[in-house]
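Input: a single structure, listed below in structure tokens.
Quick caveat, the model's predicted, so the values are computed rather than measured.
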Amino acid sequence: MSFMGRVAVAVAAVGVVSGSVFAAGTAQAVGGDQWGAMAVDADWANYGRSVDYPTRAEAEAAALDQCGVAGCAVEVVWANGCMALVENDEFVAWGKGSTRADAEREAYIALTEGTPQSMLVNVGSSQLAGGRVIETICTVNAG
């Protein structure tokens with residue numbers, strides 16, 4: 001099952017319990033730092049993310065809470081920007097940046113770097129690294 005398939009099952013299960021999986025933090029005036037975080041379990045079957053929290057600690061706590069299972073850990077934290085998840089048939093990668101485009105570009109670079117060189121040579125880097133965007137989330141004050 002693809003990462004997106006596993007995430008869809010996890011998101012649906014958490015959504016029933018919490019009422020809204022994609023709820024953001026308390027709305028803040030765009031003036032101070034806005035934080036986001038993503039937490040995942042060990043096999044990336046469950047994940048949670050948060051965005052637009054006034055502190056790093058609050059964003060991390062919200063992402064862990066949304067992940068919803070024991071063993072989740074914070075994988076990435078960012079402020080005043082975006083985080084993107086991408087996948088291909090073999091891997092999932094993330095990137096962050098001050099804009100949506102920067103975050104997606106960094107995620108694609110990470111996807112390419114995570115692909116074993118023997119696969120890149122045999123199959124072609126464009127086929128493996130091309131992948132698809134799973135999700136891009138940005139703070140309200142992202143560039």
Side-chain angles (χ1 to χ4, degrees), residues 1-15 17-18 20-28 30-143:
M1 178 182 288
S2 74
F3 173 73
M4 202 53 202
R6 291 189 309 262
V7 168
V9 171
V11 167
V14 173
V17 174
S18 68
S20 176
V21 203
F22 297 112
T26 305
Q28 302 291 321
V30 180
D33 287 338
Q34 297 295 299
W35 289 87
M38 180 183 70
V40 297
D41 65 3
D43 59 0
W44 284 65
N46 297 283
Y47 86 121
R49 91 279 192 283
S50 62
V51 66
D52 294 331
Y53 282 82
T55 68
R56 178 184 179 132
E58 288 175 282
E60 289 180 359
L64 286 167
D65 185 53
Q66 193 179 89
C67 189
V69 296
C72 286
V74 174
E75 177 72 18
V76 61
V77 178
W78 70 96
N80 309 323
C82 302
M83 188 275 306
L85 281 173
V86 297
E87 72 173 351
N88 60 23
D89 292 338
E90 302 295 324
F91 301 100
V92 176
W94 59 263
K96 58 184 181 176
S98 59
T99 66
R100 175 179 298 272
D102 290 342
E104 289 177 1
R105 181 175 43 257
E106 291 301 315
Y108 280 121
I109 289 169
L111 188 65
T112 301
E113 291 172 354
T115 304
Q117 291 301 310
S118 60
M119 291 180 77
L120 290 173
V121 170
N122 292 335
V123 179
S125 60
S126 62
Q127 290 172 333
L128 282 173
R132 57 206 155 267
V133 175
I134 297 170
E135 176 178 37
T136 303
I137 55 175
C138 300
T139 60
V140 294
N141 60 355

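Test Thr139, Asn80, Asn141, Thr55 against Asp33 for side chain to side chain donor-acceptor pair (under 3.5 Å) and you get one pass: Asn80. A side chain to side chain contact (heavy atoms under 4.5 Å, CB included) with Met38 is found for one member of Leu64, Val51, Val76, Val77 and no other, namely Val76.
Between the CD atom of Glu58 and the CG atom of Asp65 there is a distance of 13.0 Å, given to the nearest 0.5 Å. One distance of note links CH2 of Trp44 with CD of Glu75; it measures 4.5 Å at 0.5 Å rounding. Tyr53 OH to Glu60 CD: the interatomic distance, rounded to the nearest 0.5 Å, is 12.5 Å. Atom CD of Glu135 is separated from atom CZ of Arg49 by 4.0 Å, given to the nearest 0.5 angstrom. Interatomic distance, Glu106 CD to Trp94 CH2, rounded to the nearest 0.5 Å: 9.5 Å. Arg132 contributes atom CZ, which lies 9.0 Å from atom OH of Tyr108 (distance to the nearest 0.5 angstrom).
Contact record, Cys67 with Asn46: SG-O, 3.6 Å, taken as the closest heavy-atom pair. Of all non-hydrogen atoms in Ala37 and Ala63, the two that sit nearest each other are O-CB, 3.6 Å. In terms of heavy atoms, Gly68 sits closest to Cys72 at N-SG, 4.5 Å. Scanning both residues, Ala93 and Ala107, for their nearest heavy atoms gives CB-O, 3.7 Å.
Annotation: salt bridge (Lys or Arg N to Asp or Glu O under 4.0 Å) contacts of Asp102 (sequence neighbours excluded): Arg105.
If you check the side chains of Thr136 and Glu104, you find a donor sitting under 3.5 Å from an acceptor.
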